[in-house]
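Worksheet: one structure, shown below.
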Amino acid sequence: MKVVGKDVRSNYYPRVTCDLDKVRRNTEEVMRRAKAAGIQVAAVVKGVNGLPEIAKVFEEAGCRWIATSRMEQLKNLRDQGISLPFMLIRIPMLSEVPDVIECCDVSLNSDMALLEALNAEAALKNKVHKVILMVEVGDLREGFWDRAELVAAAKYTEAAANLHLLGLGMNVGCYGSVAATKEKMQELVDAAELVEAEIGRKLEILSGADTTAFPRILDGTMPKRINSMRLGEVMTIGRDLPDLYDTPMPYMIRDAWHLKAEVIEVHRKPTHPIGELCTDAFGHKQVYEDRGVRNRALLAIGKLDYAFPEELVPTEPGIEVIGASSDHTIIDIEDCPREIKTGDIVEFEIRYTALLYLTDDSNVAVEFI
Ligand SMILES: *Cc1c(COP(=O)(O)O)cnc(C)c1O
């Protein structure tokens, strides 16, 4: 991602604008509530492709770790002067173990082969690497499902000279859409007690999931033993928990991020395609509503940049996203009070999913305001 004014001309589009002060205020609201619940936060920066400006905000707000799924982002953050310890939250690849030992304070793990490789590499480098073992609770992505295998991995880690078993973690709401209910969160505590009975000591960290579990802090149902969370979405973008998870957070600022794209064509056209219909640019069969002839504009941005058109929320009344191909977005402007012309800029609010793609996109610039 490029920065407007630094890497590209001041009228470069498409661009994402970020109000850093709004992100800071949102982060502080989240951190205050986490702290009151006894939760240490691993601030997850993968949703903004590890933008150093955002990592700095998280660092200043009192997070305990900077976390992400990609080693490349962490290496860059160290170069950019972030000094918090790093947590790798995707299970490491065997091929990146040397980098993990070099650069990360702690990693999430769910595989014996990895634990052995981490221990061997840490021994070579004369380091002790911290490990959080992931427990599968039903979302069916990473983690030990068999509790006997979990206990065996915990015993191995506990005994390994160059590993330190920091604790256990769990994740939900990703592959399996499983909700972070208080019963689900309790499964992590139960697994921890099982492991503690075997290793004969208390675990320091129980790392309870992601943003989808933050409502358990707000409603006071987070089990008391869970003392850490890995939070990205809720701090980065103030609108997702209220919009998507029915969690009122009136103190959050909803519009810290915007997307701005440039109009390249304005025409009145029919709304239903004319001709024999087969598939769209992505090989999908589509359904089109016939709304007669309407005024519409074409924007120089597309699915390549944000993946999901429905994640763009126009800020102006009377504008509707009606479709997109890889490099074009089509908006209906029939009911827009503004007269939109070629060269004009149209603005959207964005959700986390769009931000994830936009910030990882060499065509899109970012502007910090
Ligand atoms: C992405 C991720 C998180 C953070 O998720 P958010 O929804 O951004 O809070 C936490 N843990 C793991 C393992 C992840 O992959």
Side-chain angles (χ1 to χ4, degrees), residues 23 26-27 29-31 33-34 37 39-51 54-55 57-58 61 63-71 73-74 86-93 100 104 106-111 114 130-144 166-180 184-185 188 205-218 222 226-245 247 249 252 256-257 311 350-360:
V23 176
N26 282 345
T27 303
E29 294 288 351
V30 170
M31 289 300 293
R33 288 163 177 82
I39 299 272
Q40 291 188 319
V41 173
V44 178
V45 294
K46 72 181 185 209
V48 291
N49 192 30
L51 277 176
I54 301 300
V57 169
F58 292 163
C63 298
R64 174 74 180 76
W65 300 273
I66 295 293
T68 191
S69 43
R70 310 266 173 172
M71 276 308 304
Q73 295 173 12
L74 291 179
F86 289 153
M87 180 185 285
L88 183 66
I89 60 170
R90 182 174 67 186
I91 311 305
M93 294 183 268
V100 176
C104 294
V106 49
S107 59
L108 307 187
N109 281 279
S110 62
D111 189 285
L114 255 308
K130 301 191 188 82
V131 165
I132 292 179
L133 293 178
M134 293 301 278
V135 182
E136 175 64 74
V137 296
D139 201 58
L140 305 183
R141 200 178 63 183
E142 75 275 49
F144 288 97
L166 189 62
L168 301 190
M170 60 168 275
N171 200 64
V172 286
C174 285
Y175 169 70
S177 316
V178 169
K184 264 303 153 205
M185 304 311 294
L188 176 61
I205 293 290
L206 295 196
S207 180
D210 53 357
T211 289
T212 63
F214 195 70
R216 299 291 74 75
I217 291 193
L218 299 179
M222 184 68 93
I226 293 182
N227 59 2
S228 177
M229 292 182 82
R230 308 173 305 273
L231 299 176
E233 188 170 10
V234 65
M235 299 199 296
T236 308
I237 205 152
R239 61 186 303 142
D240 286 27
L241 274 180
D243 284 5
L244 306 174
Y245 296 93
T247 303
M249 297 176 79
M252 297 295 271
W257 300 85
E311 296 293 316
I350 43 187
R351 281 194 280 262
Y352 194 60
T353 316
L355 195 59
L356 176 77
Y357 287 90
L358 288 164
T359 52
D360 193 28

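Atoms within a ligand are numbered from 1 in the order they appear, just like the ligands themselves.
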Quick one: does ligand 1 sit under 4.0 Å from the side chain of Met235, the backbone, both or neither, non-hydrogen atoms only? neither
Ignoring hydrogens and angles, state whether a donor on the side chain of Ser228 or Arg64 is under 3.5 Å from an acceptor on the partner side chain. no
Do we see a donor-acceptor contact under 3.5 Å between the side chains of Glu142 and Asn171? no
Numbering as shown, the atoms of ligand 1 that approach [X] to under 4.0 Å (heavy-atom distance):
X      : value
Leu231 : 9 (O)
Lys46  : 1 (C), 2 (C), 3 (C), 14 (C), 15 (O)
Tyr352 : 8 (O)

Look at atom 9 (O) of ligand 1 and say which protein heavy atom is nearest, naming residue and atom and giving the distance to 0.1 Å. Thr211 OG1, 2.5 Å
Nearest protein heavy atom with distance in Å, relative to atom 5 (O) of ligand 1: Asp210 CB, 3.3 Å
Verify, without hydrogens or angle tests, whether Thr27 (side chain) and Phe58 (backbone) share a donor-acceptor contact under 3.5 angstrom. no
Check contact between Arg90 and ligand 1, using heavy atoms of the residue and a distance below 4.0 angstrom. no
Ala209 N/O under 3.5 Å from ligand 1 N/O: no
Quick one: does Asp240's side chain get under 4.5 Å of Asp243's, heavy atoms only? no
Closest non-hydrogen atoms of Cys174 and Asp210, given as atom of the first, atom of the second and distance, are SG-OD2, 3.9 Å
Arg230, Glu142, Met229, Met87: member with heavy atom nearest to atom 11 (N) of ligand 1: Arg230
Are there more than 12 heavy atoms of other residues, nucleotides or ligands under 6.0 Å from atom CZ of Arg70? no
